[in-house]
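Okay, structure first, notes after.
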Amino acid sequence: MAKVLTSKEENYSQWYNDLVIKAGLAENSAVRGCMVIKPYGYAIWEKMRDQLDRMFKATGHENAYFPLFIPKSFFSKEANHVEGFAKECAIVTHYRLKKDDKNGGVEVDPDAALEEELIIRPTSETIIWNTYKNWIQSYRDLPLLINQWANVVRWEMRTRLFLRTAEFLWQEGHTAHETKQEAIEEAERMVNVYAEFAEKYMALPVLIGLKSEAERFAGAVETYCIEALMQDGKALQAGTSHFLGQNFAKAFDVQFTSKEGKLEYVWATSWGVSTRLIGALVMAHSDNNGLVLPPKLAPTQVVIIPIYKGPEQLDGISETANHIKKQLEDKGISVKFDNRDTHKPGWKFAEYELKGVPVRLAIGPRDLENNTIELARRDTLEKSVMPQEGITGYIETLLDEIQQNIYNKALDFRTANTCTAYKWEEFVDIIENKGGFVYAHWDGTIDTENKIKELTKATIRLIPMGDEKEKGKCIYSGKESHRKALFARAY
RNA sequence: CGGGGUAUAGCGCAGCCCGGUAGCGCGCGUCGUUCGGGACGACGAGGUCGUGAGUUCAAAUCUCGCUACCCCGACCA
């Protein structure tokens, strides 16, 4: 097969970029740092979105929508929050253009300056809490469990398709609770929903933990996260869930009357995942032939390719193909019969491999004669000739097997690339030469964390939760430590 | 914002040093042969060489300015 993609061993970034573009997921747009999500990429996002939405609803959440624009003054009410996002905001300052007589075209009308500038949301805590203030008066109004599907803008210096773009699609949940305990439970529940989604649907094993102070969300008391390992040994934050304490309630004066008749501030959480998950999906499973999509998120689970000469042969094949297609669809499997006459079989094989379709069926004259069908699975690239009889039941179980196999592969990779370091030299050696996740003792200070980052580019991905505490010496400072943290270089 | 680079057909690039009528591969169109792993042949369409000035009989090529984009840092889901 002609080489279409850069190999991932050769240049991982280039491979990733090539793959995203050539598989038809997305491309760079004319707007700096923004991408165009193409139909195939968007179809994957829709699959993800639908499943996540079901999971949010199953945990009692409802969807709503809040404005894209946030008045500047809202933004500055929570001190840490403004500090965290100030450096990457897009700001609307005017509301009108006028004809530019000197240079032709148009210019910003200087007479149309807004009295108060509007920030294009980088996240919606402030506009939402300003709204919640009016929605919450009594404990009877709580809990308030709302999710929003939206786009946000963060003016990043450097961007990469899906992983970091100036504009991206995401969901953000924002909840309000009576008690601290209830809010903490909500934040933990949602990070677990994310983990379940990643593992069951994306076939992506993730670790759950807490962020260190330095990595914590701006304005949060505690940030829970899921972290995944990519095939180049770098970590990717795949989702976060924040316990916000009463920070936003106090900043936006959201108080309620409790059962006891006392005025109290509500307790809050927020949580989100973005189109970055598509990047995670690509980087975690794909190979040098293209994407490898887990069946549960593949827009097309089975593709049928006819092999024929002339229209008469195609007619015969189509009959069999459509019959199988119908049977598969009755089982809830999405099937595409690609009977386009404009492309040849070999071209189609390569194309669907590039797009990561889990199962490919080929039917030719030989198969019609023998009542067989050729089946190829994307994860292992194995081909076999099967009897047509019973093929749909076989495919049904095969899809589950592929889903499991992709997960196991990723899990094995993570296991093989996770280790523990007790000495600084050892730590540096692993980070620089091997990559992957490294557990190491840490004295818990932000200074040490920063120093380690400066020296090795490795950051604390998470602090494991619930693990038995274990005494040791900090990998860098040698000071007393009572637990290990998980380090890695990250996207 | 620091350091490096690039700008020539839809995409990827050569040509520039040494100025002289714009080239290659892929893709695209038509026709024919093909069709079980990205087919082959023939013919064809497509570019005022990022932009503005300068030097010159003559500029993709030399000089200066501007703009955009890419990579490496800092920032970050």
Side-chain angles (χ1 to χ4, degrees), chain A residues 1-6 11 13-14 17-18 21-22 27-34 83-89 103 122-123 151-160 162-172 194 211 214-218 223 225-228 235-242 270-280 289-290 305-311 313-314 317 339-355 360-370 372-376 381 383-385 450 453-454 457 459 461 490-491:
Chain A
M1 188 175 103
K3 186 174 147 184
V4 174
L5 286 175
T6 311
N11 182 340
S13 298
Q14 184 76 52
N17 210 54
D18 256 31
I21 292 168
K22 288 183 178 149
E27 61 189 29
N28 288 305
S29 74
V31 184
R32 194 214 82 109
C34 294
E83 199 184 318
F85 285 101
K87 286 164 284 184
E88 49 182 27
C89 286
N103 307 310
T123 179
N151 57 339
V152 287
V153 169
R154 297 182 186 176
W155 214 258
E156 304 290 354
M157 290 293 127
R158 281 185 65 203
T159 59
R160 308 187 65 191
F162 288 115
L163 300 179
R164 184 167 298 107
T165 43
E167 180 190 7
F168 57 95
L169 304 181
W170 77 345
Q171 63 63 219
E172 44 181 330
Y194 289 154
K211 282 293 183 200
E215 299 278 327
R216 196 177 289 155
F217 177 73
T223 290
C225 65
I226 53 171
E227 289 283 329
L236 184 78
Q237 179 174 304
T240 49
S241 178
H242 317 291
S270 69
W271 29 272
V273 293
S274 71
T275 36
R276 176 179 246 206
L277 289 180
I278 296 172
N289 294 324
I305 296 169
I307 292 154
Y308 61 94
K309 294 181 205 183
Q313 266 190 12
L314 178 59
I317 291 165
N339 61 355
R340 286 177 299 172
D341 197 38
T342 49
H343 296 277
K344 293 196 308 285
W347 193 92
K348 292 176 185 173
F349 290 169
E351 179 69 7
Y352 292 108
E353 225 152 72
L354 190 57
K355 286 183 174 303
R360 184 187 73 227
L361 302 175
I363 308 175
R366 237 159 37 210
D367 298 301
L368 288 193
E369 243 171 73
N370 308 327
T372 55
I373 194 158
E374 185 190 83
L375 184 149
L381 294 169
K383 281 197 295 197
S384 49
V385 177
N450 285 338
K453 182 177 180 181
E454 193 184 307
K457 289 185 192 160
T459 50
R461 300 322 303 155
Y491 279 99

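Every chain is numbered from 1 and lettered A, B, ... according to where its sequence line falls, protein lines coming before strand lines. The figures here come from the full heavy-atom set of this structure, side chains too, leaving out hydrogens, waters and symmetry mates.
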- Task: Ignoring backbone atoms, establish whether A:K457 has a side-chain N or O less than 4.0 Å from OP1 or OP2 of B:rG73.
- Result: yes

- From the options B:rA77, B:rG37, B:rC35, select the nucleotide whose nearest atom is closest to the side chain of A:Q237. B:rA77

- Task: Just name whichever nucleotide pairs with B:rU21, Watson-Crick or G-U, keeping both distances under 3.5 Å, else none.
- Result: none

- Query: What does B:rC16 pair with, Watson-Crick or G-U, if both distances are under 3.5 Å?
  - Reply: none

- Closest nucleotide among B:rG37, B:rG36, B:rA77 to the A:F168 side chain: B:rA77

- Taking a pair to mean Watson-Crick or G-U wobble geometry with both distances below 3.5 Å, B:rG32 pairs with B:rC40

- Item | Closest to the A:A362 side chain, choosing from B:rG38, B:rG36, B:rC35 | B:rG36

- Query: Just by modelled atom types, is the A:L375 backbone N or O under 3.5 Å from a matching donor or acceptor in the A:K383 side chain?
  - Reply: no

- Message: Applying the Watson-Crick and G-U wobble criteria at under 3.5 Å, what pairs with B:rC1? Answer none if nothing qualifies.
- Response: B:rG73

- Task: Considering only atom C1', compute the distance from B:rG20 to B:rU30 and round it to an integer number of Å.
- Result: 37 Å

- Item | A:R216 CZ - B:rA77 C1' separation (whole Å) | 17 Å

- Query: Taking for each residue the nucleotide of RNA chain B with the nearest heavy atom, is it A:G33 or A:G310 whose nucleotide lies nearer the 5' end?
  - Reply: A:G310

- Message: Can you identify which nucleotide, out of B:rG36, B:rG38, B:rA77, has its nearest atom closest to the A:W347 side chain?
- Response: B:rG38

- Task: Starting from C1' on B:rG36, measure out to CG on A:L314 and report it in whole angstrom.
- Result: 15 Å

- Picking from B:rG37, B:rA77, B:rC75, the nucleotide nearest the side-chain atoms of A:S274 would be B:rA77

- Ranking A:F217 and A:Y308 by the position along RNA chain B of their nearest nucleotide, the one closer to 5' is A:Y308

- Message: Using a 4.0 Å heavy-atom cut-off, does A:E156 contact any base of the nucleic acid, only the sugar-phosphate backbone, or nothing at all?
- Response: base

- Query: If you measure from the P atom in B:rC64 to the same atom in B:rC18, how many Å do you get, rounded?
  - Reply: 15 Å

- Message: Return the pairing partner of B:rU6 with a 3.5 Å limit on both distances, Watson-Crick or G-U wobble; otherwise return none.
- Response: B:rA68

- Between B:rU34 atom P and A:D341 atom CG, what is the distance in whole Å? 14 Å

- For B:rC70 and B:rC31, measure between their P atoms and round to the nearest Å. 41 Å

- Give a yes/no on whether any side-chain N or O of A:K344 is located under 4.0 angstrom from OP1 or OP2 of B:rA39. yes

- Message: Say we look at B:rG15 and B:rA9: how far apart would their C1' atoms be, to the nearest angstrom?
- Response: 15 Å

- Item | Base partner of B:rA45, which must satisfy Watson-Crick or wobble distances under 3.5 Å | none

- Counting any heavy atom closer than 4.0 Å, what does A:I305 reach on the DNA or RNA strands: base, sugar-phosphate only, or nothing? nothing

- Hey, does the side chain of A:Q313 reach the backbone of A:K309 with a donor-acceptor pair shorter than 3.5 angstrom? yes

- Give a yes or no on whether the backbone of A:V385 and the side-chain of A:T372 come within a donor-acceptor separation of less than 3.5 Å. no

- Message: In whole Å, measure the gap between the P atoms of B:rG65 and B:rG19 for me.
- Response: 22 Å

- Task: Would you indicate what A:R160 reaches in the nucleic acid, counting non-hydrogen atoms under 4.0 angstrom: base, sugar-phosphate, or nothing?
- Result: nothing

- Which part of the nucleic acid does A:L354 contact within heavy-atom distance under 4.0 Å: base, sugar-phosphate only, or nothing? base

- Select base, sugar-phosphate, or nothing to describe what A:D367 touches, counting heavy atoms under 4.0 Å on all strands. base

- Message: Quick check with a 6.0 Å cut-off and a 45 degree axis cone: is A:R276 positioned over the face of A:F168's six-membered ring?
- Response: no

- Note on the structure: Here the distance between atom P of B:rG38 and atom CZ of A:R340, to the nearest Å, is 16 Å

- Quick check: does any side chain N or O of A:Y194 sit under 3.5 Å from a backbone N or O of A:G272, one acting as donor and the other as acceptor? yes

- Message: Counting the atoms with a prime plus P, OP1 and OP2 as sugar-phosphate, which does A:Y491 contact under 4.0 Å by heavy atoms, base, sugar-phosphate, or nothing?
- Response: nothing

- Query: Over how many whole Å does the gap from A:K309 atom NZ to B:rC35 atom C1' extend?
  - Reply: 7 Å

- Which part of the nucleic acid, if any, lies within contact of A:K383, taking any heavy atom under 4.0 Å across all strands shown: a base, the sugar-phosphate backbone alone, or nothing? base

- Can you check the A:E353 CD to B:rG38 P distance for me, whole Å? 11 Å

- How would you label the contact of A:T459 with the nucleic acid (heavy atoms, under 4.0 Å): base, sugar-phosphate, or nothing? nothing

- Message: My understanding is that a pair needs two contacts under 3.5 Å, Watson-Crick or G-U wobble. By that rule, which nucleotide pairs with B:rC62?
- Response: B:rG54

- Query: How far does the C1' atom of B:rU6 sit from the matching atom of B:rA60, given to the nearest Å?
  - Reply: 15 Å

- Query: To the nearest angstrom, how far is A:D18 atom CG from B:rC71 atom P?
  - Reply: 13 Å

- Taking atom P of B:rG10 as reference, at what distance in whole Å does atom CG of A:N28 sit? 18 Å

- Item | Short side-chain to backbone donor-acceptor contact, A:R154 and A:P122, under 3.5 Å | yes

- Query: When you check the side-chain N and O atoms of A:T6 and A:D18, is any donor under 3.5 Å from an acceptor?
  - Reply: yes

- Task: Say whether, by atom type as modelled, one donor and one acceptor occur between the side chain of A:Q171 and the main chain of A:V273 under 3.5 angstrom.
- Result: yes

- Task: Write down the distance separating the C1' atoms in B:rC1 and B:rC75, rounded off to the nearest Å.
- Result: 11 Å

- Expressed as a whole number of Å, how far does the C1' atom of B:rG27 sit from that of B:rG47? 16 Å

